[in-house]
Amino acid sequence: MAPPLLEVRDLRVEFPTRRGVLTALDGVSFAIEAGEVLGVVGESGAGKSMTGAAIIGLIEPPGRIAGGQILLEGRRIDDLPYERLRRIRGREIGAIFQDPLTTLNPLYTVGEQLEETMLTHLPIGREEARRRAVGWLERVGIPAAAQRIGSYPHEFSGGMRQRVVIALALCAEPKLVIADEPTTALDVSIQAQIIALLKGLTRERGTAVMLITHDMGVIAETADRVAVMYAGRIAEIGPVREVVKHPRHPYTAGLMASIPPLDRRVERLAQIEGAMPRLSEIPPGCAFHPRCPQAFDRCRRERPGLLDAGGTRAACWLHLDRAGRHA
Amino acid sequence: MTAFILLRILQAIPVMLVVSLVSFLMFAHVGDPVAIMLGQDHTPEQREALVRDLGLDQPVLVQYWRFLGNAIAGDFGLSYRLSRPVAELIAERAPATLELAFTAAALALLVGVPMGVYTGLYRNSWISRLFLTFSLIGVSLPTFLIGILLILVFSVWLGWLPSFGRGETVQIGWWTTGFLTWSGIKALILPAITLGLFQLTLIMRLVRAEMLEVLRTDYIRFARARGLSNRAVHFGHALRNTLVPVITIAGLQLGAIIAFAIVTETVFQWPGMGLLFIQSVGAADIPVMAAYLLLIAAVFVTINLVVDLLYYAVDPRLRADRGAAGAGGR
């Protein structure tokens, strides 16, 4: 059996600080198959973006990968020298960032930025790069692309700029795109357009997507599978329908219950008591146990791994019985 | 664009008028040129005749008005001290100052910018720390002290370089240049370092601070995420984004280099405009002083205009004449 497109094994990311080492990611494992859309959800600071940054090797120093492996098509990429990893970035793994107003260099035209990216990675000449740049602008839905190729980022609206960013992420034809909150900074009215565009273009090309967001609606509509993150760990991972309809982990259940239903009136939205712990104060055992309504003794002492919870895999001792042999 | 340049030139006129008036009013109080010109022995009649000759019996504003009228016609009068046309004196001295300023500015930019980039990129390396320590010296030691120290080491102790003057010069039309003779170049080294050192360290620190700022931005992260080479990220994307503030400061510093060459020229007895100015101050030579200050004001106004134009070249967001449609072209 061919290895998955991307496999993350037991990833651990640490930040040495003056008051000790903070663990931003702890034992994160998951895989993405070719052409698959994996949604990654969680609160701010849960480690979603950190996971994305670790995969493309762009964790801000002094943060560093302290353990685990990242494999692209079976090859380890987390220990590659900078120059080798650079050739993978953009070429095999594209990235889309949150705020299109700040991700484009203000001093270069969008055409120049597209051409530069393609010339870096693809064996094509200037003429061809220019021709393809126009093609990409058309594909992401920029009207009058041939004229707009010479425009600077500030001459585009936020939504249009995110389209340009998507073109930049896809133009070297990567196999995987890491989209880190691609719609969070955009107007609600254009969020759906951008997601539809991303989904359409990647499906067309069989590009896998790691879609990082805190918007469960986007995940439900777009992702094939979803990973729920909490305090630097994966709480639950599984097919999106299972996770949304029948969450196995109490945290996922709380998260789903806090989404306002559209079909009936509710007096108060359900909420999870308390807040996610800071990185310096992650409790022993299950990181969620202080907020968990079903926590018992073992949760406070021992940290659960991802256990088979029937349909999904959840890091929760409640599912020990079913998963018996994994324990 | 043309309208913009014209507007700026129009705006420059009142600036120049105010500078000339202020300098002229100030100089009315620097000393008594008549006493200096006549020396110890003179009769009151001689004195009165000279005062009338120079127009010093008129009210200051009338003197100023006359000066201004002549200046517009390109006539800055005669030097009291040397009895030669001021324009001629300045033209004679300008090449020395401009060559010195140019060399100092080139030194400051060509060394300061790479050092700034390096310390910005590798801020924890020991070379960066060395550069930063060195830059503190450049920023804090006064120019004349640096000049004297350099003379002490390289002229007195080592005897490698001359301690004063321009060396041999070559005449090209009305311009005299020291660039073409070995002794001229040797004579240029110490004054240029003295004059440029402060600007060099200033530019280095500025570029470093701007680089650190820019390297944190999302578009640099995104450029890395696109897999661009380090060279493209550091120079194409990061350095270019630091240029607007660097151009501003570098431009103003070029003006400062020309204007404050006075100290360096005095230390090295460099036969430039600064030395001429200092000697003129000693003799209360008002026409020379006034013309010099006007010239310096003109230099600053010109540099400001050039800096504004460079902004337009560097930063597309400032190009107001491009419509939001921004079709084609670069």
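Chain letters run A, B, ... following the sequence lines, proteins first, then strands; residues in each count from 1.
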Taking everything shown except [X] itself, do over 12 heavy atoms lie less than 6.0 Å from its [atom1]?
{"X": "A:E127", "atom1": "CD", "value": "no"}
{"X": "B:Y311", "atom1": "OH", "value": "yes"}
{"X": "A:R84", "atom1": "CZ", "value": "no"}
{"X": "A:R126", "atom1": "CZ", "value": "no"}
{"X": "B:E213", "atom1": "CD", "value": "no"}
{"X": "A:R76", "atom1": "CZ", "value": "yes"}

With a 4.5 angstrom heavy-atom cut-off, could you sort out which part of A:L58 is near chain B: side chain, backbone, both or neither? both

Tell me, side chain or backbone of A:I88 under 4.5 Å from chain B's heavy atoms, or both, or neither? neither

Are [X] and [Y] close enough that some pair of their side-chain heavy atoms sits under 4.5 Å apart?
{"X": "B:R226", "Y": "A:Q113", "answer": "yes"}
{"X": "B:N230", "Y": "A:Y82", "answer": "yes"}
{"X": "A:N105", "Y": "B:F222", "answer": "no"}

Pairs meeting criterion ring pair (Phe, Tyr, Trp, His ring centres under 6.0 Å) with involvement of residues 112-132 of chain B, two or more places apart: B:Y118-B:Y122

Examine whether an atom of B:T217 lies under 4.5 Å from a heavy atom of chain A, and if so say whether it belongs to the side chain, the backbone or both; otherwise answer neither. neither

Note: vs chain B, highest number of non-hydrogen pairs under 4.5 angstrom among A:I56, A:L85, A:L104 is A:L104

Euclidean distance, A:L119 CG relative to B:L228 CG, rounded to 0.5 Å: 10.5 Å

Between atom OH of B:Y219 and atom CZ of A:F97, what is the distance when rounded to the nearest 0.5 Å? 14.0 Å

With a 4.0 Å cut-off, would you call B:R221 and A:E60 a salt bridge? yes

Smallest separation among heavy atoms of A:P106 and B:P316, with atom names: O-CG, 3.3 Å

Do B:H237 and A:E116 meet the criterion of a side-chain donor-acceptor pair at a distance under 3.5 Å? yes

From the options B:N241, B:V244, B:L243, select the one residue that forms a side-chain contact (heavy atoms from CB on, under 4.5 Å) with A:L107. B:N241

